[in-house]
Amino acid sequence: MKKFILKKPEASYREADYTIKYSDLLNNRQVEAVFHDKGPLLVIAGAGTGKTRTLVYRVARLIESGVHPSEILLLTFTRRAANEMIQRASSLLDDRCKQVKGGTFHYYCSQILHQYAEKIGYPGNFTIIDYADSIEVVQLVRTQLNLHKAKKRFPNKHSLMSIISTSKNKHLDMRVVLTEYYPQFLDFEDEILQLSNEYEQYKARNYVMDFDDLLFKTRELLSGDDEVRKQIALKHRHVLVDEYQDTNKIQAELTQLFSSVHRNVMAVGDDAQSIYAFRGADHRNIMAFPEMFEGTKLIKLEENYRSTPEILQAANLILDQANHKFEKELYSNNESGDKPALIKAPSEHDQSRFVTQAVLQLRESGLNLNEMAVLVRNGRDSFDLEVELNRNNIPFVKYGGQKFTEAAHVKDVLAHARVLVNPLDTIAWNRVLMLIDGIGPKTAQDLFDWIRLAKNPYELHTSEMVSKSYLRQMKSLSKLLVTIKDGEFGVGEIIEKIVEYYRVFCEKRYDDYPKRLKDLDAFINLSMNYTLLSKLIEDLALDPITATAVDTEQKTKDEAPLVISTIHSAKGLEWEHVFLIQCLDGIIPSAYSVEDEEQLDEELRLLYVATTRAKNMLYYSYPAIKQSTYGDYFTQLSRFIENIGEQCIEEWKLVEEDQPELDSPDQKMLN
């Protein structure tokens with residue numbers, strides 16, 4: 001047999017052939033990442049080094065090179081982030097970029113599972129339950145097993161959900177999870193295992209999935225069916241994963257499965273910003289990427305465009321203390337600024353006075369309130385400061401509050417929509433039925449048993465279990481559901497009808513119902529953008545909206561507020577001036593982490609993330625004396641900051657205004 005040798009094509013394009021002048025717009029390392037040809041690529045992108053910019057230009061460059069946009073899979077940790085990147089790429093190149101497949105792991109897995117539902121024994125109309133609903137299912141199973149009557153303290157529903165999820169996400173045996181995290185409940189190992197199994201069976205019977213299921217069932221599908229894996233992976237000529245340091249073990253496996261045909265996978269992240277272990281994120285994933293993906297090319301982005309060199313010096317010295325990391329050194333060509341300040345306040349209240357007065361001075365000098373942020377390790381660490389800000393009439397917003405879809409009134413309306421999509425959704429039915437006066441958990445369960453067998457589950461008033469005392473209300477509910485189910489209404493019209501029905505319950509239950517009804521009006525407007533009710537429900541479960549009118553509505557119009565945020569919620573954000581308060585040993589690092597090297601490293605990374613949020617000025621502060629239920633005690637500065645030394649931090653001394661003499665002109669006065 002004769003052979004004819006096919007020559008490889010010339011390198012895809014010369015840079016001169018592209019419409020975008022990449023070398024003029026990116027630094028050398030970013031260009032190298034954007035023009036990487038084939039095979040696995042790991043980009044270690046330090047804080048403020050243009051990670052998102054690199055991904056956006058990579059998308060544009062691939063499309064300019066002839067890759068069809070639908071063959072690019074862009075996985076991020078919020079759909080909003082994916083949409084923003086795709087929008088930026090479209091502005092940079094053209095609308096072809098809008099055909100890129102983008103979204104979260106959970107969102108993309110839900111699409112796969114809907115497509116192949118029959119292969120996993122589910123109907124295509126299965127529904128997704130959020131964390132709050134998962135908790136309620138666990139509580140229901142806990143009660144059904146009579147575990148609430150245990151003689152010794154049995155774990156509550158939140159702890160049980162955490163135990164179950166940790167076991168799944170970290171691939172740990174239940175005994176290991178209990179031994180490491182909940183040793184006080186080891187005696188209940190058998191009961192917890194039984195509850196976990198019942199929880200899984202409950203979801204399967206009622207055709208619902210929680211967030212963990214979306215990942216696990218996709219992994220099982222692709223690992224167990226080679227034909228399906230190839231069908232899906234064949235579509236992904238390029239897989240791009242943002243924030244890879246935040247992936248858990250199963251997301252790393254899914255990345256491998258999604259890219260298993262073409263092997264063109266680009267992971268972008270920063271090992272130094274892996275701070276979500278409590279959600280199951282595994283810092284080791286990014287460290288082990290070169291081992292998981294053979295032949296990985298490693299590129300480091302170290303030029304920071306956000307902060308002053310002085311702030312970056314502090315960040316580098318913090319990171320030097322980590323035990324497990326990729327070696328990198330952030331640098332900046334920005335103008336020099338002041339050294340980060342270290343403020344030792346006499347008390348927690350004096351710390352609050354300092355921050356409040358410094359914010360007011362900066363505001364008077366021309367800095368907007370929303371260009372400043374106060375960061376805390378825990379939400380409770382800012383309580384005293386919030387009182388002081390209110391006393392001085394300084395508007396502020398606190399990040400980390402309730403999500404839109406977690407608000408009771410929104411969940412009530414969503415429950416009605418969910419039973420229309422999946423009539424076996426027990427949790428939704430429970431919420432719908434218990435709005436009605438006279439119906440409690442037992443009656444709701446009896447009615448659901450009837451619903452499961454009924455020819456038309458929405459004609460509730462025909463059930464012999466319905467009492468005369470609430471027959472009128474039940475007829476009203478039946479009329480709503482049957483009208484919607486039998487009619488041809490748009491999604492917006494359906495939500496509008498549900499809200500109209502729900503209005504009377506809202507007004508009766510909540511004193512602040514006018515604000516809640518504003519939320520529901522906004523919900524109606526949002527729903528107008530959908531053509532499928534199931535899609536609306538799924539999108540809100542997978543990517544919940546954060547703000548509600550109840551949380552955010554102000555009585556009067558005011559300037560954009562100061563930001564108070566936990567460090568976890570601040571990741572990815574930046575401000576001109578940043579105040580990090582309560583920099584104490586026992587808070588950062590947490591007292592619970594000091595005996596564990598891995599946990600201590602994560603606490604260190606938290607401080608690194610907080611430090612690198614600041615653009616021009618950074619303030620570390622702590623109280624010298626702290627109060628507790630056992631009395632006052634002397635505190636100790638965070639060991640991480642103490643280890644930085646004086647070379648990159650300037651100590652500030654707080655002096656009361658009426659103190660007769662200042663030691664130096666640099667001392668700061670409180671009034």
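The structure displayed is predicted, hence computed values, not measured ones. Starting from 1, each residue takes its place in the sequence as its number.
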Minimum heavy-atom separation for F126 to I128, with atom names?
CE1-CG1, 4.2 Å

Check: R229/S223 side-chain N/O donor and acceptor closer than 3.5 Å
no

So does K249 have more than 12 non-hydrogen atoms from other groups sitting under 6.0 Å from NZ?
no

May I have the step-by-step check of side chain to side chain donor-acceptor pair (under 3.5 Å) for D425 and N206, ending in yes or no?
CA-CA 6 Å; D425 189 338; N206 295 289; over 6 Å; no

Please check this pair: side chain of Y276 against backbone of H568, looking for a donor-acceptor N/O pair closer than 3.5 Å.
yes

Less than 4.5 Å apart, side chain to side chain, heavy atoms only: is that true for I86 and V59?
no

Can you tell if the side chain of F216 reaches within under 4.5 Å of the side chain of I250, non-hydrogen atoms only?
yes

Quick check against the 3.5 Å criterion: does N197 have a side-chain atom that pairs as donor or acceptor with the backbone of L193?
yes

Mind checking whether L533 and I495 have side chains closer than 4.5 Å, heavy atoms only?
yes

Is a donor on one side and an acceptor on the other found under 3.5 Å between the side chain of E253 and the backbone of R219?
no

Minimal non-hydrogen separation, M209 against D213, with atom names
CA-OD2, 3.5 Å

Dump the intermediate steps for side chain to side chain donor-acceptor pair (under 3.5 Å) on T566 and S569, then the final yes or no.
CA-CA 5 Å; T566 62; S569 296; 3.0 Å; yes

Are any of the side-chain heavy atoms of Q231 and Y116 separated by less than 4.5 Å?
yes

Check whether T462 reaches the backbone of E459 with its side chain - one donor and one acceptor, N or O, closer than 3.5 Å.
yes

Report the C-alpha separation of D190 and R175 in whole Å, then their side-chain angles, then the decisive distance to 0.1 Å, and conclude whether the salt bridge (charged side-chain N to carboxylate O under 4.0 Å, His left out) test is met.
CA-CA 9 Å; D190 291 341; R175 171 164 281 272; over 6 Å; no

Between T76 and E243, a side-chain donor and acceptor under 3.5 Å:
no

Can you see whether T443 engages D446 through a side-chain donor-acceptor pair at a distance of less than 3.5 angstrom?
no

Beyond-backbone contact of N285 with Q245, side-chain heavy atoms, under 4.5 angstrom
no

Heavy-atom pair of closest approach, residues A252 and Y244
CB-OH, 3.5 Å

Which heavy-atom pair separates E507 from L517 by the least distance, and what is that distance?
OE2-CD1, 4.2 Å

Can you find a heavy atom in the side chain of Y202 that is under 4.5 Å from one in the side chain of I427?
yes

Verify whether the ring centers belonging to F505 and H409 lie closer than 6.0 Å.
no

Does atom CD (E464) have a neighbourhood of more than 12 heavy atoms from anything else shown, all under 6.0 Å?
yes

With a 4.0 Å cut-off on N to O distance, would you call D95 and K98 a salt bridge?
yes

For the pair E84 (side chain) and A81 (backbone), establish whether a donor and an acceptor sit closer than 3.5 Å, ignoring hydrogens and angles.
no

Ignoring hydrogens, what is the shortest heavy-atom contact between P69 and I63? Give both atom names and the distance.
CB-CD1, 3.9 Å

With distance as the sole criterion, is a donor-acceptor pair present between the side chains of D449 and Q445 under 3.5 Å?
yes

Kindly check if the number of other-residue, nucleotide or ligand heavy atoms within 6.0 Å of NZ (K157) is above 12?
yes

Indicate the atoms forming the closest heavy-atom contact of R88 with T52, along with that distance.
NH1-CG2, 3.4 Å

Cationic N near anionic O, under 4.0 Å, D539 to K535
yes

Whether the side chain of S476 engages the backbone of R472 through a donor-acceptor N/O pair (distance < 3.5 Å, no angle test) should be reported.
no

Evaluate the side chain to side chain donor-acceptor pair (under 3.5 Å) criterion for residues N248 and N169: first the C-alpha distance (whole Å), next the side-chain angles of each, then the deciding distance (0.1 Å), finally the verdict.
CA-CA 7 Å; N248 59 28; N169 280 300; 3.2 Å; yes

Taking the six-membered ring of Y108 as reference, does the cationic atom of K101 (NZ for Lys, CZ for Arg) lie under 6.0 Å from its centre and within 45° of its axis?
no

SB check E200 K168 (cutoff 4.0 Å)
yes

Excluding sequence neighbours, so at least two apart, what forms ring-ring contact (aromatic ring centres under 6.0 Å, His included) with F105?
none

M85/D242 under side chain to side chain contact (heavy atoms under 4.5 Å, CB included): CA gap, chis, key distance, verdict:
CA-CA 11 Å; M85 285 189 209; D242 188 22; 3.1 Å; yes

Could you tell me if the ring centre of H114 sits under 6.0 Å from that of Y122?
no

Residue pair Y199, D210: steps toward the side chain to side chain donor-acceptor pair (under 3.5 Å) verdict
CA-CA 11 Å; Y199 172 65; D210 62 20; 2.7 Å; yes

Is it true that R516 and D412 make a salt bridge, defined as a side-chain N closer than 4.0 Å to a carboxylate O?
no

Check ion pair K411-D130 (N to O, under 4.0 angstrom):
yes

Donor-acceptor pair, distance only, cut-off 3.5 Å: does the side chain of H262 make one with the backbone of L234?
yes

Is any side-chain heavy atom of V177 closer than 4.5 Å to a side-chain heavy atom of D173?
no

Within the supplied structure, the quantity of interest is the number of heavy atoms (other residues, nucleotides, ligands) at a distance under 6.0 Å from E118 CD; does it exceed 12?
yes

Is the Y131 to F211 ring centre distance short of 6.0 Å?
no

Find out whether L178 and Q184 are in side-chain contact, i.e. whether some heavy atom of one side chain is under 4.5 Å from a heavy atom of the other.
no

Under 6.0 Å from the NZ atom of K485, do we count more than 12 heavy atoms belonging to anything else shown?
yes

Is the side chain of H461 donor-acceptor paired with the backbone N or O of M474 at a distance under 3.5 Å, no angle test?
no

Pairing residues for F154 by the ring-ring contact (aromatic ring centres under 6.0 Å, His included) criterion, not counting sequence neighbours
F188

Are any of the side-chain nitrogens in D437 or K508 under 4.0 Å away from the carboxylate oxygens of its partner?
yes

Start with the C-alpha gap between L73 and H238, add the side-chain angles, then the distance that decides, and say whether side chain to side chain contact (heavy atoms under 4.5 Å, CB included) holds.
CA-CA 6 Å; L73 175 62; H238 290 271; over 6 Å; no

Whether S196 side chain and I192 backbone form a donor-acceptor pair below 3.5 Å
no

Can you name the residues that form a side chain to side chain donor-acceptor pair (under 3.5 Å) with R284, not counting sequence neighbours?
D282

Under the 3.5 angstrom rule, does the side chain of Y458 hit a backbone N or O of L480 as a donor-acceptor pair?
no

Salt-bridge present (R431, E136; N to O < 4.0 Å):
no

